[in-house]
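Here's the structure we're looking at; comments come further down.
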Amino acid sequence: MAKKTIQDVPVAGKTVLMRVDFNVPLDDQKRVTDDRRVRMALPSIRSVIDRGGRVILMSHLGRPKDAPDPKYSMKPAADKLAELLGKPVLFANDVIGDDARSKAATLAAGDVLVLENLRFYPGEKKGDAAFAQALAGMADIYCNDAFGTCHRKDASMVAVPQAMGGKPKVVGFLVEKEIQYLSEAIANPKRPFVAILGGAKVSDKINVIKNLLAICDQVLIGGAMAYTFALARGGQIGNSLVEKDKLDLAKELIAAGGAKLVLPLDDHCGDSFAPDCNKKTTPAGQVPDGYQGLDIGPQTAALYAKLIKDAQTVVWNGPMGVFEMPPFDAGTKAVAQAIADSGATSIIGGGDSAAAIELLGFADQVSHVSTGGGASLEMLEGKKFAAVELLDDK
Ligand code: 3PG
Ligand code: MG
């Protein structure tokens, strides 16, 4: 059933405790280098302040070890939010301590307060009830707009909404949109429905491949995991990355997938992992000794582009090659270009594929780029999230 959204609850004069995923990359000057997760949370935040509500935002950043560590402070993300909102944002240098509680208690209509990193407290990862109660006690409404963290059972995701008791618990617009694309569009796809899966390891993608083989018309494989499939078919892979302990699994997927599972026709190889290495294009499964596969080859790129152009729904997760190192970005570029050119509903998984589509400049030409890495993969596996299930239904 669809979940109530922040729009469905009256917020004037109320305090909304909103879990966001401001786990953003920082440079060594502690500047946010990719603000997409912050930008994508703006509609929910604005919805509350524009209607006269107060917002307390909570998030984690990185993986600090259960204690305050300035390296992982939320302050740079709070500053980025202030810049994007175009108004000052309050910051508390703790989460459930004096600073947070006193600032939360004096918020006025339209104010936004960002709490320090949730993971500075052991209670966050442990799902501790007292920690959750202290957070829940600060607000009248709970909102989950942290899609990237929805696969986690951390306190702020599960124990806090549970501790809200009968108070409203809703999703934000970002979580609503992510679920629409990563779950609903996939459950009722316009066909042909084509998935493109890349990345280094078959083991990361087994459940996604299995789930998508059951619902897609075709699953196109690229990235280093293609070499595990090539070896499983008895091919030669030279020095390519491979998971030797996953050969049986690859054979199983090949048998189960039949004609639906499309493997590369050719590989673009190099004699070392460097842009200026000697290069060769070889038929799949014929990587010469001393070479490693670093991208899908041009015939594969052309085939995948054609299949994508004929599709009505496209899901892409994982690059086709070493896209950070031209010319081994060609396969990933061809796939990104074909997705951008197609009229299909196009859904790009988070993590590396989101980074690739941004880097290549096609992010505005697709239907949806997910803000979740692990979360988008789990959603493509068909999993349900406890953090979403427990929220109020429409
Ligand atoms: C992510 O970027 O994967 C999310 O913010 C969740 O972070 P985590 O993997 O450290 O739980
Ligand atoms: Mg992660």
Side-chain angles (χ1 to χ4, degrees), residues 18-27 30-42 44-45 57-69 71-78 80-81 95 114-128 131-132 135 143-161 171-172 174-175 177-179 181-182 199-201 203-205 207-208 317-319 347-359 363 368-381 383-388:
M18 193 180 291
R19 185 25 162 126
V20 286
D21 187 338
F22 285 179
N23 181 20
V24 288
L26 303 176
D27 65 13
K30 295 213 187 117
R31 281 177 309 222
V32 176
T33 56
D34 179 353
D35 64 6
R36 216 161 55 85
R37 284 178 162 181
V38 181
R39 269 188 286 122
M40 298 291 273
L42 293 175
S44 295
I45 298 167
L57 296 171
M58 53 176 176
S59 177
H60 73 287
L61 188 146
R63 291 178 176 173
K65 301 272 168 275
D66 293 343
D69 179 344
K71 201 172 131 205
Y72 296 109
S73 174
M74 294 307 308
K75 186 75 172 61
K80 177 51 76 177
L81 173 65
V95 174
V114 176
L115 304 180
E116 191 43 290
N117 195 332
L118 290 160
R119 290 187 182 171
F120 287 177
Y121 293 71
E124 170 65 355
K125 285 308 294 176
K126 283 197 195 118
D128 182 69
F131 177 70
L135 278 163
C143 176
N144 173 352
D145 212 21
F147 181 74
T149 315
C150 277
H151 57 320
R152 301 284 182 232
K153 297 197 175 72
D154 300 359
S156 59
M157 302 301 297
V158 175
V160 172
V171 293
L174 174 60
V175 168
K177 181 169 183 235
E178 294 266 14
I179 293 174
Y181 279 106
L182 289 161
K201 294 178 175 172
S203 49
D204 288 343
K205 304 273 158 87
N207 292 322
V208 179
N317 198 300
I347 302 153
I348 316 300
D352 278 352
S353 2
I357 202 105
E358 289 268 357
L359 188 78
H368 181 65
V369 182
S370 179
T371 55
S376 75
L377 268 185
E378 289 199 20
M379 191 136 259
L380 293 175
E381 289 171 7
K383 279 197 190 153
K384 296 251 181 269
F385 295 141
V388 174

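Every number for a ligand or one of its atoms is a count from 1 in the order of the listing. Quick caveat: nothing in here was measured; it's all calculated off a predicted structure.
Ala354 and Arg36 get closest at one heavy-atom pair: CB-NH2, 3.7 Å.
Atoms of ligand 1 lying under 4.0 Å from any heavy atom of His60, numbered from 1 in the order shown and given with element: 4 (C), 5 (O), 6 (C), 7 (O). Listed by number with element, the atoms of ligand 1 under 4.0 angstrom from any heavy atom of Arg152 are 8 (P), 9 (O), 11 (O). Listed by number with element, the atoms of ligand 1 under 4.0 angstrom from any heavy atom of Asp21 are 4 (C), 5 (O). Close contacts between ligand 1 and Asn23 involve ligand atoms 1 (C), 2 (O), 4 (C), 5 (O), 7 (O) [criterion: under 4.0 Å to a heavy atom].
Of the polar atoms of Lys125, none of the N or O atoms is found under 3.5 Å from an N or O of ligand 1, judged by distance alone. Considering backbone and side-chain atoms together, His151 places no N or O closer than 3.5 Å to any N or O of ligand 1.
Contact annotation for Arg119 and ligand 1: only side-chain heavy atoms (C-beta onward) come within less than 4.0 Å of the ligand.
At a threshold of 4.5 Å between non-hydrogen side-chain atoms, the residues Asp21 and His60 count as touching.
Taken from CG in Asn144 to CZ in Arg19, the straight-line distance is 8.0 Å, to the nearest 0.5 Å.
The nearest non-hydrogen atom to atom 3 (O) of ligand 1, considering only Gly148, Ser59, Pro25, Ala146, comes from Gly148.
Partner of Arg37 under the side-chain contact (heavy atoms from CB on, under 4.5 Å) criterion, out of Asn23, Val32, Leu174: Asn23 alone.
Contact check on Asp154 versus Arg119 returns a salt bridge, with a Lys/Arg side-chain nitrogen under 4.0 Å from an Asp/Glu carboxylate oxygen.
With sequence neighbours left out, Pro68 forms a side-chain contact (heavy atoms from CB on, under 4.5 Å) with Phe120.
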